[in-house]
> 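First the structure, which I've put down as structure tokens, then a few questions once you've had a look.
Just so we're clear, the structure is a prediction, and the values are computed from it rather than from any experiment. Just so we're on the same page: letters track the sequence lines, and every chain starts at 1.
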Amino acid sequence: MALHVHLPDGKELELAEGASGADLASAIGPGLARAALAVAADGQVRDLAAPLRDGASVAVITAKSDEALPLVRHDAAHVLATAVMELYPGVKISIGPAIENGFYYDFEFPEGVVLSEADFPAIEERMRAHIKAGEPFVREDLPVAAARERFLAQRQDYKVELIDDLMRDEGVETVSLYTNGPFTDLCRGPHAPSTATVKAFALQSVAGAYWRGDSRRTMLTRIYGTAFLSKQELDAYLEQLELARQRDHRRLGRELGLFMFSELSPGSPFWKPAGMAVWNQLTELWREENQARGYREVKTPMLYDVELWKQSGHWEKYKDNMYFTDVEGRAMGLKPMNCPAHIQIYKDERRSYRDLPVRYSEAGLVHRHEPSGVLHGLMRVRHITQDDAHIFCTDEQVQDEVVQCLRFGFDLYDLFGLEPRLELSTRPEKRIGSDEMWDRAEAALAGALDSEGLAYELNPGDGAFYGPKIDMHLTDSIGRSWQLGTVQLDYSMPERFDLAYTGADNAEHRPVMIHRALLGSFERFIGIMIEHYAGVLPFWLAPVQAIVLPVADRFNEAGEAVVAALGQAGLRAEVDARSESVGRKIRDAELRKVPYMLVLGEREAAEGTVSVRSHGGADRGPVAVGELARELAERARARTD
RNA sequence: GCCGACGUAGCUCAGCUGGUAGAGCACUUCACUCGUAAUGAAGGGGUCCCCGGUUCGAGUCCGGGCGUCGGCUCCA
């Protein structure tokens with residue numbers, strides 16, 4: 001009996017019963033048969049050797065297909081394990097998937113073996129030998145018991161554990177194994193026909209990784225690598241990685257003199273004058289925008305009696321991340337969050353429903369003891385200045401307030417051309433409050449997102465214990481995702497602190513709290529912006545907006561006058577009064593990424609002009625100083641770029 | 001916090017198997033007074049991250065600590 005499959009071009013093809021993807025490719029043509037790596041049958045990637053189902057829609061996957069990359073990376077992970085097993089007898093294998101930009105494989109090396117990147121050349125050489133040999137990936141479906149026996153005999157404990165879990169949790173009866181050359185792995189597949197597909201790969205780094213991501217379990221050794229379908233693509237990727245490193249905010253922060261770090265205060269940036277100029281501009285934006293949207297700025301203490309932290313729940317849930325000190329025998333803790341402080345202000349007055357929503361904003365400095373291993377430039381610090389705000393409102397006001405927060409956030413992000421990814425995190429296992437409360441809260445957040453037409457990922461079970469939240473994430477230059485903004489609903493703090501307002505019915509009601517940060521923290525946000533702009537900050541944020549370049553020492557005085565005129569207009573300007581050539585001064589100003597270079601010589605000094613050159617080289621010619629000051633001041637005010 | 005690597009001048013880095021340190025840039029001085037991405041010359045500058053050990057002798061070897069980097073866990 002024949003079988004029929006549908007091809008992507010709409011045609012139908014008849015094949016012999018039991019025909020595989022390879023047969024299909026051959027039936028279409030010998031070129032495709034050679035190029036075929038796998039098939040996508042009804043959208044699912046399958047081995048070329050797997051039999052096709054009658055009536056399936058089948059597309060042959062070749063090196064050009066989108067599906068080919070994960071496939072070859074997964075192949076590469078197996079080849080890596082093959083080489084490692086040969087070079088390190090007794091090594092235990094665990095898992096080795098394809099990931100976003102490559103692949104990894106996790107191993108437990110025998111006692112005493114410490115792997116480092118210095119070992120990569122030898123491993124890569126073994127890998128190349130297996131690739132050159134073009135070993136076929138052979139699939140074998142085995143009853144779980146037989147597979148378990150096999151891995152048990154090889155003392156592959158992790159594989160045995162995986163099989164046990166598959167049996168227990170999913171009731172699996174058979175598992176598939178893939179063998180290439182001397183190496184057999186428990187693997188769901190699919191794989192390309194042979195190791196020969198792995199044409200271009202590179203091992204990248206070695207790292208520790210907990211077995212099953214559980215910090216209580218064994219720390220395995222993870223080898224990261226990447227693979228592409230051609231050498232050119234690999235080289236392009238590696239080059240792109242290098243370019244990304246150039247825009248790393250830690251490097252640019254040093255080069256541009258924005259901030260520094262000291263061993264004397266790990267995780268805490270020291271802002272230099274140039275960085276502080278950026279900080280202050282951002283603060284000004286923050287203050288103006290918050291005021292314009294009905295927030296009222298407050299400022300609260302750093303240090304509080306631990307009683308406050310016990311009442312808020314931080315003592316119980318967050319103590320390990322806090323700093324404590326003793327003040328005349330009294331235990332005090334540095335605030336890791338601003339909410340309990342804002343609550344004190346709320347409680348200081350009697351509140352009527354007419355007062356709500358009450359919106360307090362603070363550029364709140366908090367300290368969190370982040371574990372040493374997670375510190376990362378400005379992105380993850382222990383000294384955090386949040387653009388924090390707390391909104392106290394009624395249940396009915398929640399959704400509208402959330403919508404306003406989102407709009408506010410997007411107005412800010414738009415200003416910088418940032419496009420964050422949104423996540424809605426819903427009720428976790430451990431939570432407080434009734435299901436009705438959670439239903440309402442989640443619906444309010446989802447409703448706010450939907451009403452704004454915003455796309456978001458659902459992150460079930462990842463909400464805070466006191467309420468669901470919407471997080472806004474952005475990716476840095478080396479591909480790491482960081483959370484900036486967050487909008488969190490909180491029904492717990494009002495409870496713990498017994499917050500109240502008097503309703504129209506003259507009865508006491510409990511307000512709802514919304515915690516929100518939009519930039520996230522000034523530290524992280526500036527870090528993200530440095531990378532986003534590759535150090536070339538928008539004009540209004542640039543530490544030095546214009547630099548006057550006298551062509552000879554005798555024009556330095558005239559240069560100072562230009563700086564003064566620009567300063568009068570509220571601009572940040574400097575003069576480069578060194579006895580250097582114009583070429584040199586321009587080069588240095590370019591490297592400092594100063595938006596405007598104002599060349600000042602004989603002609604300009606006589607005419608009261610400067611010759612304007614923009615960062616990047618555009619030459620605009622002479623412009624009267626007064627006119628330029630007005631124009632640039634307007635531009636800074638507009639915050640357009 | 002966990003795994004691994006790394007820590008030499010302000011920065012980027014060199015320093016072989018142990019014999020008390022070097023380059024480029026930056027800085028200072030002098031000369032040059034310059035027209036759109038590096039003018040030249042001279043000079044100064046180092047507890048080789050810290051503590052301890054081995055050794056006649058440690059930047060180099062060993063142990064501990066701190067910090068940084070890449071991950072993991074965490075945070076969000």
> Quick one: does any side-chain atom of A/Thr475 pair with a main-chain N or O of A/Ser481 as donor and acceptor, under 3.5 Å?
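It does not hold such a pair.
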> When the nearest nucleotide of RNA chain B is assigned to A/Arg368 and to A/Asp553 on a heavy-atom basis, which residue is associated with the more 5' position?
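Nearest nucleotide further toward 5': that of A/Asp553.
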> Which sits closer to the 5' end of RNA chain B, A/Leu115 or A/Arg613, going by the nucleotide each is nearest to?
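Its nucleotide being nearer the 5' end, the pick is A/Leu115.
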> Provide the distance between the two C1' atoms, one in B/U28 and one in B/G67, to the nearest whole Å.
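Rounded to whole Å, the distance is 31 Å.
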> Which part of the nucleic acid does A/Glu117 contact within heavy-atom distance under 4.0 Å: base, sugar-phosphate only, or nothing?
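Result for A/Glu117 = nothing.
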> Classify A/Leu549 by what it touches in the nucleic acid, base, sugar-phosphate, or nothing, heavy-atom distance under 4.0 Å.
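A/Leu549: no heavy atom of the nucleic acid under 4.0 Å.
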> Is the distance between the ring centroids of A/Tyr105 and A/Phe103 under 6.0 Å?
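No: the rings miss the under 6.0 Å criterion.
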> Determine the interatomic distance between P on B/U39 and the same-named atom on B/C49; round to the nearest Å.
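Roughly 35 Å separates the two P atoms.
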> Any side-chain N or O of A/Arg212 under 4.0 Å from OP1/OP2 of B/U73?
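For B/U73, OP1/OP2 do not have a side-chain N/O of A/Arg212 under 4.0 Å.
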> Side-chain N or O of A/Arg480 versus OP1/OP2 of B/G71: is the shortest distance under 4.0 Å?
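Answer yes for this pair, as a side-chain N or O of A/Arg480 is under 4.0 Å from OP1 or OP2.
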> Measure from the ring center of A/Tyr360 to the ring center of A/His390 and say whether it is less than 6.0 Å.
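Aromatic pair excluded; centres sit 6.0 Å or further apart.
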> Can you confirm whether the side chains of A/Ser94 and A/Glu108 place a donor and an acceptor under 3.5 Å from each other?
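Per modelled atom types, A/Ser94 and A/Glu108 side chains form no pair under 3.5 Å.
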> Before we go on, tell me: are the rings of A/Phe416 and A/Phe525 under 6.0 Å apart, centre to centre?
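Yes, the ring of A/Phe416 comes within the 6.0 Å limit of the ring of A/Phe525, centre to centre.
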> Assign the ring pair A/Phe408 / A/Tyr295 to parallel, tilted or perpendicular, where the plane angle (0 to 90°) is split at 30° and 60°.
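Ring orientation of A/Phe408 relative to A/Tyr295: tilted.
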> Taking a pair as Watson-Crick or G-U wobble with both distances under 3.5 Å, which nucleotide is matched to B/C2?
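The answer is B/G71, by the H-bond criterion.
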> With heavy atoms under 4.0 Å as the rule, sort A/Glu604 into base, sugar-phosphate or nothing.
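If one applies the 4.0 Å heavy-atom cut-off, A/Glu604 turns out to touch a base.
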> I need the single residue from A/Thr226, A/Leu203, A/Ile95 that forms a side chain to side chain contact (heavy atoms under 4.5 Å, CB included) with A/Tyr104. Which is it?
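Output: one option passes, namely A/Ile95.
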> Pick base, sugar-phosphate or nothing for A/Ser611, based on heavy-atom distances below 4.0 Å to the nucleic acid.
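Contact class for A/Ser611: base.
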> Counting the atoms with a prime plus P, OP1 and OP2 as sugar-phosphate, which does A/Thr221 contact under 4.0 Å by heavy atoms, base, sugar-phosphate, or nothing?
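No contact at all - A/Thr221 keeps every heavy atom at 4.0 Å or more from the nucleic acid.
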> For A/Val582, answer base if it contacts any base atom (sugar-phosphate contacts may also be present), sugar-phosphate if it contacts only those atoms, and nothing otherwise; contact means non-hydrogen atoms under 4.0 Å.
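The answer is sugar-phosphate, as A/Val582 gets under 4.0 Å only of primed atoms, P, OP1 or OP2.
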> Taking only the side-chain nitrogens and oxygens of A/Ser215, find out if one of them lies under 4.0 Å from OP1 or OP2 of B/C2.
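Result: no.
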> Could you measure between the two C1' atoms, the one in B/G63 and the one in B/C25, and give it in whole Å?
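Going atom to atom, C1' in each nucleotide, I get 38 Å.
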> Taking the C1' atom of each, how far is B/C13 from B/C6, in whole Å?
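13 Å, rounded to whole Å.
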> With sugar-phosphate meaning primed atoms plus P, OP1 and OP2, does A/Gly583 contact a base, only sugar-phosphate, or nothing at under 4.0 Å between heavy atoms?
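A/Gly583: backbone/sugar contact only, no base atoms under 4.0 Å.
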> Measuring only the C1' atom in each nucleotide, how far is B/C51 from B/G15? A whole number of Å is fine.
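That atom pair is separated by 25 Å.
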> Between the base of B/C74 and the side chain of A/Arg380, is there any donor-acceptor pair under 3.5 Å?
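For A/Arg380, whose side chain was compared with the base of B/C74, there is a donor-acceptor pair (under 3.5 Å).
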> Between B/C69 and A/Arg250, is there an OP1 or OP2 to side-chain N/O distance shorter than 4.0 Å?
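Yes, within the criterion.
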> What nucleic acid atoms does A/Gly213 come within less than 4.0 Å of, heavy atoms only: base, sugar-phosphate, or nothing?
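Sugar-phosphate contact only.
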> Once you apply a heavy-atom cut-off of 4.0 Å, does A/Ala209 come out as touching a base, just sugar-phosphate, or nothing?
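The answer is sugar-phosphate, as A/Ala209 gets under 4.0 Å only of primed atoms, P, OP1 or OP2.
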> For nucleotides B/C75 and B/C16, find the distance between their P atoms and express it as a whole number of Å.
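These two P atoms come out 45 Å apart once rounded.
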> For A/Gln204, report the nucleic acid contact type (base, sugar-phosphate, nothing); a contact means any heavy atom under 4.0 Å.
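Touches nothing.
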> Applying a 4.0 Å non-hydrogen cut-off, can you work out what A/Arg584 is touching in the nucleic acid: base, sugar-phosphate, or nothing?
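Here A/Arg584 touches the backbone only, sparing every base.
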> What interatomic distance, in whole Å, is found between C1' of B/U12 and the corresponding atom of B/C27?
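Rounded to whole Å, the distance is 16 Å.
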> Using a 4.0 Å heavy-atom cut-off across all strands, classify A/Glu580 as base, sugar-phosphate, or nothing.
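Base, at least one base heavy atom under 4.0 Å.
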> Kindly say if A/Arg554 contacts the phosphate of B/C34, meaning a side-chain N or O under 4.0 Å from OP1 or OP2.
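Affirmative; the distance criterion is met.
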> If I pick the C1' atom on B/A9 and the same atom on B/A26, what distance separates them, to the nearest angstrom?
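That atom pair is separated by 10 Å.
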> Establish, with yes or no, whether the OP1 or OP2 oxygen of B/C72 is under 4.0 angstrom from a side-chain nitrogen or oxygen of A/Tyr224.
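Indeed, a polar side-chain atom of A/Tyr224 lies that close.
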> Within the structure, does a side-chain N or O atom of A/His376 lie under 4.0 Å from either OP1 or OP2 of B/G71?
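False: A/His376 side-chain N/O out of range (4.0 Å or more) of B/G71 OP1/OP2.
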